[in-house]
Amino acid sequence: MTTIAYQGEPGSNSATAAQLLYPGAGELPRTDFGQALEAVALGAADIAVIPVDNSAAGRVADVHHLLPESGLFIVGELFLPVRFDLMAVPGTSIDRIEAVRSHVHALGQCRKVLRDGGWRTLVSDDTAGAAREVAELGDPGHAALAPPAAAGIHGLQVLREGVEDDPDNTTRFVVLSRDAVVPPDTGAPTMTSLFFCVRNIPSALYKALGGFASSSVNLTKIESYQKGAGLDASRFYVEIEGHPEEPHVALALQELAFFSSEVRVLGVYPAHAYRRTRGAG
């Protein structure tokens with residue numbers, strides 16, 4: 001049986017994503033993203049399902065730092081509609097709430113209900129974990145913002161449904177494996193994720209990215225970060241539309257390599273249908 005590692009607890013959005021991608025698979029919940037990736041690297045799990053960005057809250061902190069160092073490869077993606085309910089112990093009324101718990105990203109995606117309620121916010125490691133904490137406290141003054149499934153798991157009462165600010169709130173997850181699985185170039189919509197570090201010369205980034213423009217390759221994401229506190233050249237995580245075996249993509253990657261000290265393909269995988277229906281990217 002395939003075992004899926006994810007950050008969070010049963011009932012979380014990551015658990016839902018894992019179940020949608022691999023129905024019936026074994027689950028290996030982990031406290032943080034690093035532990036979930038390590039579980040795959042060490043063979044305790046076959047696959048990791050990790051969120052990378054959200055349509056309202058932006059990128060998930062630390063993930064893009066962890067991906068290049070994990071030694072794993074991206075083999076798939078999923079766009080998951082995200083819903084949050086306000087839940088508390090049974091018998092609680094909404095006017096008794098004093099504090100609301102959830103993951104920092106969930107709090108950022110539900111600002112309107114928090115502002116209207118005037119409640120204190122408490123950060124939990126995970127959305128479903130926040131629901132468990134509220135159940136364990138048994139305090140009617142505490143509520144959680146968590147996915148609907150968490151209420152049933154922890155025996156909580158839903159006070160308000162669908163309290164996310166954006167009805168189109170969506171989180172993108174990537175699937176990571178120890179082995180690179182590169183699909184053949186069939187002309188089907190394909191994404192390529194890669195990491196690169198520019199040479200420490202003037203205009204290196206401009207020149208490195210110029211090949212994507214001249215070859216008409218759509219660059220859908222670029223994230224920069226500095227490794228440590230030194231003065232080394234910046235490192236970049238990028239995603240492009242296309243397969244490395246397509247001539248125009250191969251040409252762009254050649255130009256990128258010429259102006260970079262390192263280029264590493266992190267994954268080639270089918271583009272999720274959401275990109276075609278909603279123009280994601």
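Predicted, not measured: the structure shown is a model, and the values here were computed from it. In what follows, every heavy atom counts, from backbone to side chain, and hydrogens, waters and symmetry copies are set aside.
By the 4.5 Å heavy-atom criterion applied to side chains, Y237 and L266 are counted as neighbours. Within the 4.5 Å cutoff, no side-chain heavy atoms of I153 are placed close to those of E9. H243 has its side chain out of reach of V249: every pair of non-hydrogen atoms, C-beta onward, lies at least 4.5 Å apart. With contacts defined as side-chain heavy-atom distances shorter than 4.5 Å, the pair I50/L67 does not qualify. Side-chain contact check for V265 versus F73: every heavy-atom pair is 4.5 Å or farther apart. In this structure the side chain of L194 reaches within 4.5 angstrom of the side chain of L253, judged on heavy atoms. Proximity of V113 to F84: side-chain heavy atoms (C-beta onward) are nowhere separated by under 4.5 Å. Between T190 and D185 the shortest side-chain heavy-atom distance does not fall below 4.5 Å.
Contacts classified as side-chain hydrogen bond (donor to acceptor under 3.5 Å, both in side chains) and involving residues 256-270 (residues at least two apart or in different chains) are given here: R172-Y269, S193-Y269, E262-R264. Here side-chain hydrogen bond (donor to acceptor under 3.5 Å, both in side chains) pairs that include residues 143-157, with residues two or more places apart or in two chains, number zero. Applying the ring-ring contact (aromatic ring centres under 6.0 Å, His included) test to every pair with at least one member in residues 165-223, sequence neighbours left out, gives these pairs: F196-F236. Residues in residues 79-97 take part in these side-chain hydrogen bond (donor to acceptor under 3.5 Å, both in side chains) pairs, two or more places apart or across chains: S93-D95.
Side-chain N or O atoms of S124 include none that pairs as donor or acceptor with a backbone N or O of D126 at under 3.5 Å. In this structure, Q109 contributes its side chain and E164 its backbone to no donor-acceptor pair below 3.5 Å. Put simply, the side chain of T127 never gets that close to the backbone of H103: no donor and acceptor are under 3.5 Å apart. Looking only at distances, no side-chain donor or acceptor of N218 sits under 3.5 Å from a matching main-chain atom of E241. Distance alone, capped at 3.5 Å, is enough to place a donor-acceptor pair between the Q7 side chain and the D125 backbone. Side chain of N54 to backbone of T170: a donor-acceptor contact under 3.5 angstrom is found.
Distance CD1/I240 to OG1/T220: 8.5 Å, rounded to 0.5 Å. To the nearest 0.5 Å, atoms CG (L137) and CZ (R132) are separated by 10.0 Å. For the atom pair S215 OG and Q254 CD, the distance stands at 9.0 Å (nearest 0.5 Å).
Taken together through direct or relayed side-chain contacts under 4.5 Å among Ile, Leu, Val, Met, Phe, Trp and Tyr, L20 and V174 form parts of separate hydrophobic clusters. Both I4 and V175 belong to a common hydrophobic cluster when Ile, Leu, Val, Met, Phe, Trp and Tyr are linked at side-chain heavy-atom distances under 4.5 angstrom. Tracing side-chain contacts under 4.5 Å through hydrophobic residues (I, L, V, M, F, W, Y), one never reaches I97 starting from L156; they form parts of separate clusters. Linking Ile, Leu, Val, Met, Phe, Trp and Tyr whenever their side-chain heavy atoms come within less than 4.5 Å puts V263 and I222 in one cluster. The cluster map of Ile, Leu, Val, Met, Phe, Trp and Tyr, joined by side-chain heavy atoms under 4.5 Å apart, puts M191 and V75 in different clusters.
Environment of CG in D139: crowded, with over 12 heavy atoms of neighbouring residues, nucleotides or ligands closer than 6.0 Å. Atom CD of E161 has 12 or fewer neighbouring heavy atoms from other residues, nucleotides or ligands inside a 6.0 Å radius.
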>> I'd like to know whether L145 forms a side-chain contact (heavy atoms from CB on, under 4.5 Å) with L86, so could you lay out the CA-CA distance, the side-chain angles of the two residues, the decisive distance to 0.1 Å, and finally the verdict.
In response: CA-CA 5 Å; L145 289 170; L86 182 69; 3.9 Å; yes

> Hey, mind stepping through D46 and R178 against side-chain contact (heavy atoms from CB on, under 4.5 Å) and telling me if it holds?
Replying inline: CA-CA 8 Å; D46 302 297; R178 285 185 299 278; 4.1 Å; yes

> Would E255 and S214 count as a side-chain contact (heavy atoms from CB on, under 4.5 Å) if you check the C-alpha gap in whole Å, the side-chain angles of each, and the deciding distance to 0.1 Å?
Replying inline: CA-CA 10 Å; E255 191 160 347; S214 59; 4.1 Å; yes

> Checking side-chain contact (heavy atoms from CB on, under 4.5 Å) for the pair S177/V40: CA distance, chi angles, key distance, verdict?
Replying inline: CA-CA 7 Å; S177 170; V40 179; 5.7 Å; no

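F259 meets the ring pair (Phe, Tyr, Trp, His ring centres under 6.0 Å) test with no other residue; sequence neighbours excluded.
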Donor-acceptor pairs are to be reported for all side-chain atoms of residues 24-36 against protein atoms at under 3.5 Å, with residues two or more places apart or in another chain.
unit_1 : atom_1 : unit_2 : atom_2 : d
E27    : OE1    : Y6     : OH     : 2.7
E27    : OE2    : Q19    : NE2    : 2.9
D32    : OD1    : G34    : N      : 3.2
D32    : OD1    : Q35    : N      : 2.7
Q35    : OE1    : T31    : N      : 3.2

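In summary, E77 and R275 engage in a salt bridge, as defined by a charged side-chain N under 4.0 Å from a carboxylate O.
Taking every heavy atom of both residues into account, A99 and L122 meet most closely at CB-CD1, 4.1 Å. Here the shortest heavy-atom pairing between L176 and L37 reads CD1-CD2, 3.8 Å. Counting all heavy atoms, side chain and backbone alike, A5 lies closest to A45 at CB-CB, 3.8 Å. Minimum heavy-atom separation, V198 to A204: CB-CB, 4.0 Å. Summarising the geometry of G108 relative to R111, their closest heavy-atom pair is O-NH1, 2.8 Å, with the distance given to 0.1 Å. Smallest separation of non-hydrogen atoms from G242 and T192: O-OG1, 2.7 Å.
No option in T121, V163, V100 other than V163 meets the side chain to side chain contact (heavy atoms under 4.5 Å, CB included) test with C110.
Aromatic ring orientation, Y274 versus F79: parallel (interplanar angle below 30°, classes split at 30° and 60°).
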